[in-house]
4 protein chains.
Amino acid sequence: MSPRNIEKDLLMREERKKFILDSAVQVIATKGIGSTHMNDIAAAASISIGNLYHYFKSKDEIYAELLYMTQTDYGLFVTAASQMPGNAIDKLRYICSTWLSISTNWAFTILIQTARTTESIPLEIRNAVTERFTANLQPVAAIMKEGQESGHILDGEDPLELAFYFVSLIQGLTLQRAPGIEVRITPKTESIIRLFQVGFKK
Amino acid sequence: MSPRNIEKDLLMREERKKFILDSAVQVIATKGIGSTHMNDIAAAASISIGNLYHYFKSKDEIYAELLYMTQTDYGLFVTAASQMPGNAIDKLRYICSTWLSISTNWAFTILIQTARTTESIPLEIRNAVTERFTANLQPVAAIMKEGQESGHILDGEDPLELAFYFVSLIQGLTLQRAPGIEVRITPKTESIIRLFQVGFKK
Amino acid sequence: MSPRNIEKDLLMREERKKFILDSAVQVIATKGIGSTHMNDIAAAASISIGNLYHYFKSKDEIYAELLYMTQTDYGLFVTAASQMPGNAIDKLRYICSTWLSISTNWAFTILIQTARTTESIPLEIRNAVTERFTANLQPVAAIMKEGQESGHILDGEDPLELAFYFVSLIQGLTLQRAPGIEVRITPKTESIIRLFQVGFKK
Amino acid sequence: MSPRNIEKDLLMREERKKFILDSAVQVIATKGIGSTHMNDIAAAASISIGNLYHYFKSKDEIYAELLYMTQTDYGLFVTAASQMPGNAIDKLRYICSTWLSISTNWAFTILIQTARTTESIPLEIRNAVTERFTANLQPVAAIMKEGQESGHILDGEDPLELAFYFVSLIQGLTLQRAPGIEVRITPKTESIIRLFQVGFKK
DNA sequence: AATGAATGAGCATTCATTCAT
DNA sequence: AATGAATGAATGCTCATTCAT
């Protein structure tokens with residue numbers, strides 16, 4: 001009946017959406033969230049504003065999907081790290097060095113923090129973000145626990161609490177890497193890991 | 001118009017400005033920066049919008065002064081801590097517990113990060129913020145150095161680098177305390193200090 | 001491509017157009033004119049927007065044809081009534097009761113009034129509507145004249161004028177029956193007819 | 001304390017609002033409701049769009065107040081008529097001739113009908129309009145009753161029903177007077193009144 | 001100094017219409 | 001013929017800033 005291939009259309013639609021979201025991340029990583037407008041996103045994806053609204057029905061929806069994508073990707077990354085071969089220290093090292101080396105991560109961090117603290121963003125979205133944030137702590141907590149059991153990581157603390165500190169520290173460091181910020185101190189993975197490591201210190 | 005009155009007027013003006021800035025912080029801590037508008041600030045200070053502009057010539061200026069005030073206060077706080085009686089661990093403990101206990105600090109942190117990463121804010125202001133951020137690391141670095149020398153704090157790292165991690169960690173944790181965020185993990189000063197402490201770990 | 005097929009195609013095209021117009025009336029009767037958009041019409045007719053434009057070259061054209069259809073149908077209805085067996089009162093009664101019983105007629109009335117008074121609709125269309133409105137008064141005027149001559153209907157007035165009042169009254173009543181309007185008074189055909197009837201009143 | 005006269009300010013604000021509403025009616029009477037936009041209203045009142053929003057917080061609010069004003073004015077007019085000296089016929093005559101002579105009344109009628117039938121207008125407003133419409137029937141019904149008792153007006157019908165017909169007829173006629181409509185029939189007050197009058201007809 | 005009305009550029013969003021497939 | 005993605009002018013509304021009193 002239809003001269004179009006419906007399946008292919010749906011697939012293309014998903015691809016387009018992904019492409020738009022990726023483009024949006026690029027702009028946000030350059031301009032910051034506060035100054036990224038719908039026309040910036042449209043321009044970044046090389047489509048018209050009107051067409052942008054064919055894929056997402058509001059700015060909030062873009063926000064929500066962006067947050068979902070970002071946090072899901074991060075969750076997958078952390079989960080993969082927790083299942084890597086090697087000991088707990090190796091895994092933390094991998095997380096730390098990889099995360100700090102991605103230069104646009106500051107944008108994710110600010111994106112997430114802003115989403116959580118901006119009144120105009122629907123409570124629903126904000127709660128979902130916090131929910132995922134908490135869920136994403138679990139794989140790191142698992143690494144901490146494993147490290148404590150193998151004697152590599154500081155004992156005596158709740159593994160979840162340690163994970164919370166580790167992630168907060170990395171987030172805090174990530175923020176210092178936003179464009180235009182020239183802190184002359186470069187975080188070093190080895191030094192960061194040592195904070196959580198046992199036996200290294202005399 | 002005696003010179004006394006002029007002096008007094010200037011003094012009152014400064015007091016009014018301080019009052020307005022303090023009021024602004026209150027709103028921002030409640031509504032977030034993105035959704036705080038000039039009329040919110042005016043309302044918080046119980047003055048008219050027009051009058052607000054008699055004290056500050058633009059929103060950017062309020063931003064700038066707010067950042068200056070915030071960071072200066074923080075600098076004084078950290079400097080005072082570094083000159084406290086007691087050993088390095090005591091000082092870090094004081095910084096950590098005090099900072100985390102102030103419930104509106106998340107607003108300062110986001111304020112500062114947003115200022116640094118928002119394109120529309122003049123480069124001049126953004127640089128000043130980073131400058132002060134770096135300067136404010138010094139007292140903490142001094143504590144770290146003192147601690148390394150007295151054998152209380154991890155050796156082998158640049159004290160400035162350690163200070164950077166310490167501050168980033170606390171900033172990261174502060175962000176998790178924004179209103180509406182319900183992370184069920186409460187950071188504990190003792191556990192945080194331990195990360196930087198020597199000899200505690202077996 | 002036999003000539004038969006071409007004829008059949010043209011016929012089908014006309015049928016499709018009629019179907020689309022009928023569907024459009026349904027939506028308008030449900031949503032109101034102001035909030036009926038091209039995609040609503042397309043959806044109501046179960047075709048795509050693009051295809052809609054294969055049958056009608058603009059929203060104005062749909063409007064115009066809708067008005068034409070509506071008014072033509074009404075004209076046929078009124079003409080048929082004027083040629084019915086029975087006296088003038090019977091004929092008016094038929095017009096009145098039939099028209100008021102059709103629950104979507106308010107949509108036609110608003111459609112027509114809006115068309116006449118909306119600047120953005122081309123003058124040409126608006127004039128055509130008024131033209132047809134006036135033409136449609138004639139059969140009713142004929143009934144009035146017949147009634148005056150047979151002594152059933154008020155004498156002393158221009159039959160056309162009486163027709164004008166009769167139609168305006170019915171239009172006015174129709175408007176009160178739009179969805180969401182809850183006027184607790186139900187118009188009664190007998191009472192309405194009496195206004196124009198002779199001898200009934202003492 | 002304030003260099004302004006607060007009372008006077010409030011008074012002026014009300015005057016300004018009234019002026020804006022009056023201006024809005026003018027545009028609507030010229031352009032039709034559907035094509036009247038906020039900038040049209042602003043231009044008609046010779047103020048900026050931004051300032052328009054100092055007086056009314058949305059287009060809906062302007063609509064609502066316009067409807068309230070219009071219907072309230074109409075209610076006062078009808079009530080005054082019902083309390084005039086003279087018999088019922090005199091009163092109806094006054095209502096009819098006055099209402100039909102005001103050339104912008106068609107705009108009120110369309111305004112009200114559109115408000116009642118447009119989905120996008122909040123149900124609350126629509127209900128209020130219908131409420132007031134019904135309330136405004138009462139004074140006319142009172143005239144009808146008085147006329148029935150004094151033998152001037154058709155007996156045997158519910159006075160409220162008669163009022164409903166009378167008002168619907170006048171509304172219907174009003175609609176025919178919208179700009180751009182050239183119906184060559186002029187309604188005559190005397191003829192209209194006669195429809196409801198007793199004894200005139202032989 | 002103090003007030004709040006006034007301004008208008010800027011933003012998110014809508015919708016009739018066109019176009020490539 | 002049929003589809004729905006693509007376009008962009010237009011609309012309602014916001015908000016930092018200025019102005020008259």
Item to check | Atom-to-atom span, OH of C/Tyr53 to P of F/dA5 - whole angstrom | outcome: 16 Å
Item to check | B/Thr130 vs B/Arg126 side-chain heavy atoms within contact, under 4.5 Å | outcome: no
Item to check | Gap between atoms CZ and C1', on C/Phe56 and E/dA16 respectively (whole Å) | outcome: 16 Å
Checklist entry - When we call it a touch if two heavy atoms are under 4.0 Å apart, what does D/Ile49 touch: a base, just sugar-phosphate, or nothing? => result base
Item to check | For atom CG of C/Asn39 and atom C1' of F/dT3, their distance in whole Å | outcome: 15 Å
Next on the checklist: Using a distance-only criterion (donor-acceptor N/O pair, under 3.5 Å, no hydrogens), is the base of E/dA5 paired with the side chain of D/His54?
Outcome noted: no
Item to check | Pairwise 5' ranking along DNA chain E for D/Arg13 and A/Asn51, keeping only the more 5' one | outcome: D/Arg13
Checklist entry - Under 6.0 Å from the OH atom of B/Tyr55, do we count more than 12 heavy atoms belonging to anything else shown? => result yes
Checklist entry - Whom does E/dT14 pair with, Watson-Crick or G-U wobble, provided both distances fall under 3.5 Å? => result F/dA9
Checklist entry - Rounded to whole angstroms, how far apart are CD1 on D/Ile20 and C1' on E/dA5? => result 11 Å
Checklist entry - Rounding to a whole Å, what distance do you find between B/Glu61:CD and F/dT17:P? => result 10 Å
Checklist entry - If you pin D/Ser58 and B/Thr36 to their nearest nucleotides in DNA chain F, which one's is more 5'? => result D/Ser58
Item to check | All side-chain contact (heavy atoms from CB on, under 4.5 Å) counterparts of C/Ala64, not counting sequence neighbours | outcome: C/Ile125
Checklist entry - From D/Glu61 CD over to D/Tyr53 OH, what is the distance, rounded to the nearest 0.5 angstrom? => result 10.5 Å
Checklist entry - Are any non-hydrogen side-chain atoms of A/Arg16 and A/Arg13 less than 4.5 angstrom apart? => result no
Checklist entry - Does OP1 or OP2 of E/dA1 have a side-chain N or O of B/Arg16 closer than 4.0 Å? => result no
Item to check | Nearest-nucleotide 5' precedence on DNA chain E, B/Gly50 against D/Leu52 | outcome: B/Gly50
Next on the checklist: How many whole angstroms separate atom NE2 of A/His37 from atom P of E/dA9?
Outcome noted: 16 Å
Checklist entry - Just checking B/Tyr55: base, sugar-phosphate only, or nothing, at a heavy-atom cut-off of under 4.0 Å? => result sugar-phosphate
Item to check | Protein-nucleotide distance (B/Lys59, atom NZ; F/dT14, atom P), rounded to Å | outcome: 15 Å
Checklist outcome for this item: Separation of F/dA6 atom P from A/Ile47 atom CD1, nearest Å, is 7 Å
